[in-house]
Asker: 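Take this structure first; my questions come after.
Quick note on labels: first sequence line is chain A, next is B, and so on, each numbered from 1.
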Amino acid sequence: MDWAGMYEQFAQIAKSGGDLAFWQDFYFKFYQAFIYSDRWLQYLKGVGTTLLVTACALLLGVALGGVVAVIRTAHDQQPSGRRDPLLGLLNIIARVYVTVIRGTPMMVQLLIMGMVIFASSRNFTAVGVLTLGINSGAYVSEIIRGGLMSIDPGQMEAGRSLGLGYITTMRVIVVPQAIKAVLPALGNEFIVLLKDTSLITVIGGKELLYAAQGVMSRTFEAMYPLLGIAAIYLVLVMIFTWLLGKLERRLRQSDRR
Amino acid sequence: MIAVKDLKKSFGKLTVLDGISLNIEKGDVICLVGPSGCGKSTFLRCLNRLEEPTGGHVFLDGQEVTEKDIDATRAKMGMVFQHFNLFPHKTVKQNITLAPVLLKRKTQAEADAQAMELLERIGLADKADTYPNMLSGGQKQRIAIIRALAMDPEVLLFDEPTSALDPEMVGEVLELMKDLAKSGMTMVVVTHEMGFAREVASRVIFIDKGKIQEDKPPQEFFDHPENPRLREFLSKVL
């Protein structure tokens, strides 16, 4: 079957003002949005960028969030008599960071990063990763902090009473249990992050939404590109959710009775 | 072995320990009894600085216990908790081998061998690869005890080790503690089990109002209590 020929034929009819049947209209616009002049490649590249930005921002966010959470928890767990001044300073920095990032819209942060701080940078993807990572870190830190605080203090005491240091006990005893406890909340945060990558379009990041907008501006057709990328986001999120579910089940091994 | 000099602890305005001095010799089994809230658990936790004393000194083998090398000190003072505090994400064997291996006291193989030996001793070798959640309270507490033993401590601190157990499981834990006492382990036990104190302790100490009110061998302690508050306490619990 001559798919391209069929498209050309419908395009002619549409151009000359003729009426297309519903299926013909659907075929024409679908072909135009995704297949004509290999446009699917643009979407594919967009998916690649979206996944890359998500993965990098996720790593940055979890690393940043983990550090901030541990600083704040360690600060709060100090005995009231001896407060470490360095930890106090780090704690203030951490609190300012969380307050500022959570208190301003993501879109505004992106624009500030892209158009003020890194105005001369052409590497929009990197700026996007940095902004999303920093943003995500603030939320992740609160999630992890909640997880750390939910662990019975007796676990820390047991580790310390065996002669393990604070950091070792955190690393080997408390954090692994906390991660298990916060995994559903973290998964939610990952999904938000994946979808928020679409925002980097505003600073010129070439991800999935950018691809759709490119096609829209050429074809003057919004529906198919937008519905198309919505479906792609949905599929990505569903894959993500499935993977997280598997991970959760693996971590729950020790809960089986 | 352990010398406590004028130990004080207060939480804000509330004074819990008001100058406690005590000497514990090697091989002693000291039972601390007293009404709830009298500070006996706090005293125990001040020994290894899980609570920071507000005054006084603790010496272990002539060395003052300070915050500086507290981890090394704690490795010598094993602790058993009321709520076991086993690590739920580790298997029974991992619970026992974790600290000796992390602190490079033993290789994994040595620690595994020791863990199996200890588990054999308490008859739980078949539970080595299960998780703590699958065990009964008594089993958990016995494993918590051998987890502390795996560090080869000089002294074991017990913080109400049977208070969270179902009555039918108290016996197995006390049995293990008796074995330990007989093998010459130095033990400090906060307990409500007067039978255990009478049978096993070398000294029984009554704490009330943040002070030691009576400190005697068990026979005298239970048969000829002098302190009026102790008499009242014993009349309630015996």
Asker: Say whether, by atom type as modelled, one donor and one acceptor occur between the side chain of B/S21 and the main chain of B/D6 under 3.5 angstrom.
Answerer: yes
Asker: With chain A as the partner, which of B/L86, B/N48, B/I70, B/T130 has the greatest number of non-hydrogen pairs under 4.5 Å?
Answerer: B/L86
Asker: Spell out, as yes or no, whether a donor-acceptor pair under 3.5 Å connects the side chain of A/Q177 to the backbone of A/I173.
Answerer: yes
Asker: Specify the closest pair of heavy atoms between A/L193 and A/S136, including all atoms of both residues, with the distance to one decimal.
Answerer: CD1-CB, 4.0 Å
Asker: Indicate yes or no for a side-chain donor-acceptor contact from A/R160 to the backbone of A/L164 under 3.5 Å, with no hydrogens or angles considered.
Answerer: yes
Asker: What part of B/E67 is in contact with chain A, defined as an atom under 4.5 angstrom from a non-hydrogen atom: side chain, backbone, both or neither?
Answerer: side chain
Asker: Can you check whether B/E52's main-chain N or O pairs, donor with acceptor, with B/K9's side chain at less than 3.5 Å?
Answerer: yes
Asker: A/E207 and A/T201: side-chain donor and acceptor closer than 3.5 Å?
Answerer: yes
Asker: For B/R147, is it the side chain, the backbone, both or neither that has a heavy atom under 4.5 Å from a heavy atom of chain A?
Answerer: both
Asker: B/F81 versus chain A, heavy atoms under 4.5 Å apart: side chain, backbone, both or neither?
Answerer: side chain
Asker: Find the one option among A/A158, A/G159, A/P176, A/G165 whose heavy-atom pairs under 4.5 Å with chain B are most numerous.
Answerer: A/A158
Asker: Under a plain distance cut-off of 3.5 Å, with no hydrogens placed, do A/T131 and A/Q109 share a side-chain donor-acceptor pair?
Answerer: no
Asker: Non-hydrogen contacts under 4.5 angstrom with chain A: give the residues of residues 98-117 of chain B involved, or none if there are none.
Answerer: B/L98, B/A99, B/L102, B/L103
Asker: Will you find, in the side chains of B/D129 and B/T91, an N or O donor that is under 3.5 Å from an N or O acceptor?
Answerer: no
